[in-house]
Amino acid sequence: MDKITALVTESAELTPGIQSLTVRLPESTDWDVRPGQFAGLYPADGSMLLMRPISVCRWDPARRELRFVYRPAGAGTRSFTALREGDTIDLLGPLGNGYDTEALAGRHVLLLGGGIGVPPMLELAAALRNAGAETQVTAALGYRTDELFLAEDFRETGAEVLIATEDGTAGTKGTVLDAVREAGIRPDAVCACGPMPMLRAVKRYAEELGIDAWLSLEERMACGVGACLGCVVKTRETDAHSHVKNARICTEGPVFAAREVEIG
Amino acid sequence: MSARPDMSVTIAGVTLKNPVMTASGTFGSGMEYGQFVDLNRLGAVVTKGVANQPWEGNPTPRVTEVYGGMLNAIGLQNPGIDVFIERDLAFLSQYDTKVIVNVCGHTEEEYLEVVERLAEEKRVDMLEINVSCPNVKEGAIAFGQKPDALCRITERIKKIAAQPVIMKLTPNVTDIAEMARAAEAGGADAISLINTLTGMKIDIERRCFVLANRTGGMSGPAIKPIAVRMVWQAAQAVQIPVIGMGGIASAEDAVEFLLAGASAVAVGAMNFHDPYLTEKVADGIEAYLVRHGIGRVTDLIGAVNG
């Protein structure tokens with residue numbers, strides 16, 4: 001884990017309100033990035049002192065390239081949209097635990113991505129492609145409209161892709177779980193990233209089916225490395241670090257077994 | 001070739017290899033940032049506040065950024081003194097740095113229980129008493145905003161403490177000099193300041209408070225001029241050493257605090273911006289001394305002219 005200065009190799013709007021940013025890490029870095037991990041991106045303006053935690057969408061170890069797909073929300077993430085090829089950006093990472101792809105190997109894995117929760121699922125879909133022939137991946141992706149960013153990239157990984165849109169302009173009208181039910185699939189495990197109401201529904205869905213579920217959580221963060229205790233989630237059991245029922249999303253997470261977290 | 005400047009400072013009989021510490025709550029117990037900096041290079045590690053029992057802290061959101069700084073309302077989540085001694089203190093004692101344990105509590109008795117437990121711990125070099133956290137409902141800041149209450153809790157802690165006692169002061173008072181004198185009158189060996197300034201941020205789109213706790217403590221470079229002013233006022237008011245902190249982002253900032261009268265400095269929120277900062281500040285202070293032909297860092301303490 002370290003803070004490094006990376007070179008921007010691509011920065012573009014994918015669809016309205018969704019940005020893509022690819023950076024190349026310096027040769028001296030030895031980052032080994034797992035799906036579900038994230039990096040802290042620092043705005044160049046020092047009045048914004050905290051990093052912005054953004055999940056890894058793709059990792060190419062041979063080229064040392066990291067791709068992020070993010071939604072500009074505040075001044076910090078908006079400042080990243082001005083980056084151009086050849087610019088530099090400071091990154092802290094790789095952060096968080098990531099998904100345990102070995103635990104998913106050999107299963108029929110359902111990946112659920114809602115909105116800006118879609119991008120981190122792509123690296124997981126790509127990793128699971130190499131997790132043995134018997135591993136089957138279905139990706140159910142939820143969007144507001146028919147601006148289906150990254151859907152084609154999921155298909156390229158070999159995953160079966162289901163689409164849900166809020167306005168019904170593409171795929172199933174409704175949520176990702178509506179699309180899953182409509183397709184009548186029966187997964188052995190589910191991994192999800194998206195807004196909290198979706199994650200709550202996924203937790204219930206997995207409980208009803210009696211299957212394992214892992215959720216990628218987000219929270220406002222300061223340090224990103226487990227020191228400040230800013231980003232915690234209520235847990236069912238006392239966790240080994242905090243000795244209270246509050247685990248650090250940046251360190252014990254962001255990926256948690258659904259049964260371990262109290263998300264209401 | 002001239003000799004390297006003497007970077008050591010002595011506070012209440014404890015000699016630190018250099019005047020750079022970590023500000024409580026921004027550095028855990030050193031484990032996390034030990035991946036970035038060599039803890040042996042720091043004058044002292046000041047731990048996150050520890051209480052007699054585990055504390056859950058506040059609901060989230062607990063942190064948010066503001067212009068040139070941040071607000072936090074962690075609420076002193078901590079694993080309690082037993083786990084602290086077994087794990088965090090054991091970890092820190094592997095390093096050649098001084099260990100300053102920050103102590104928190106809701107009541108005088110809770111503080112005293114922790115101080116008593118730590119009295120048996122030879123690996124603890126000093127105690128820093130948090131009577132200034134703005135984010136917990138009982139205790140903490142209540143002891144730090146009234147001179148007589150501050151004096152009294154300092155006296156009670158001093159009676160049982162085996163290590164030198166630093167009282168950490170809040171800037172959320174009318175007269176910092178009066179509070180500094182109260183700590184000194186209670187027998188404090190040193191004071192540290194400033195803790196965070198109480199602030200608030202409102203999300204105008206959702207028309208709600210950003211932090212679950214509504215208010216939070218502000219830290220970061222934006223508060224530094226206030227901190228330098230208060231360190232100077234406190235240092236003028238007392239004979240005991242002052243440890244200065246509040247928005248330090250560089251060695252130059254640290255030198256400012258030393259010139260204002262601080263005997264040591266602590267790096268806080270800016271660790272989050274630059275995890276290597278503590279070491280850079282130590283190196284930068286030394287470079288400043290060399291550049292100005294000053295032989296000892298102690299020559300800077302309170303050396304502002306005029």
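Below, chains carry the letters A, B, ... as their sequence lines are ordered, and counting in each starts from 1.
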Quiz prompt | Any side-chain heavy-atom pair of A:V225 and B:P275 under 4.5 Å | solution = no
Self-check item: A:E27 atom CD: more than 12 heavy-atom contacts under 6.0 Å
Solution: no
Exercise. Look only at the side chain of B:E65 and the backbone of A:L50, and say whether a donor-acceptor pair between them is shorter than 3.5 Å.
Key: yes
Quiz item: For chain B, which of A:K245, A:M221, A:H241 has the most heavy-atom pairs under 4.5 Å?
Solution: A:H241
Practice problem: Drop me the distance from B:W55's CH2 to A:N246's CG, to the nearest 0.5 angstrom. | Solution: 14.5 Å
Quiz item: Is the count of non-hydrogen atoms from other residues, nucleotides or ligands lying under 6.0 Å from B:R123 atom CZ greater than 12?
Solution: yes
Quiz item: Which heavy atom in A:S242 sits nearest to a heavy atom in B:Q77, and how many Å separate them?
Solution: CB-NE2, 3.3 Å
Exercise. Measure B:N271 against the heavy atoms of chain A and call it side chain, backbone, both or neither at under 4.5 Å.
Key: neither
Quiz item: Of the non-hydrogen atoms in A:A240 and B:R87, which two are nearest, and what is the gap between them?
Solution: O-NH1, 3.5 Å
Quiz item: Which bit of B:F27 comes within less than 4.5 Å of chain A, counting heavy atoms only: side chain, backbone, both or neither?
Solution: backbone
Quiz item: Between A:L229 and B:K48, what is the shortest heavy-atom contact and its length?
Solution: CD1-CE, 3.4 Å
Quiz item: Does atom CD of A:E218 have more than 12 heavy-atom neighbours, drawn from other residues, nucleotides or ligands, at distances under 6.0 Å?
Solution: no
Quiz prompt | Among A:C231, A:G74, A:G230, residue most engaged with chain B (heavy-atom pairs, under 4.5 Å) | solution = A:G230
Quiz prompt | Check: A:K3 main-chain N/O paired with B:Y276 side-chain donor or acceptor under 3.5 Å | solution = yes
Quiz prompt | Nearest-0.5 Å distance that lies between atom CE in B:M31 and atom OG1 in A:T251 | solution = 12.0 Å
Quiz item: Is it the case that more than 12 heavy atoms not belonging to A:R71 sit under 6.0 Å from its CZ atom?
Solution: yes
Practice problem: Please indicate whether B:Q94 has more than 12 foreign heavy atoms, meaning atoms of other residues, nucleotides or ligands, lying under 6.0 Å from its CD. | Solution: yes
Exercise. Provide the closest heavy-atom pair for A:C228 versus B:I74 in the form atom of the first, atom of the second, distance.
Key: O-CD1, 3.4 Å
Quiz item: Nearest heavy-atom pair of A:V244 and B:P54: which atoms, and what distance?
Solution: CG1-CB, 3.5 Å
Quiz prompt | Contact summary for A:V232 and B:T60, nearest pair of heavy atoms | solution = O-CG2, 3.4 Å
Quiz item: Hey, what do you get for CD (B:Q53) to NE2 (A:H243), rounding to the nearest 0.5 Å?
Solution: 13.0 Å
Exercise. Inspect the surroundings of CZ in A:R63 and state if more than 12 heavy atoms from other residues, nucleotides or ligands are less than 6.0 Å away.
Key: no
Self-check item: Among A:G76, A:G46, A:S47, residue most engaged with chain B (heavy-atom pairs, under 4.5 Å)
Solution: A:S47
Self-check item: Segment of B:M270 engaging chain A (4.5 angstrom heavy-atom cut-off)
Solution: side chain
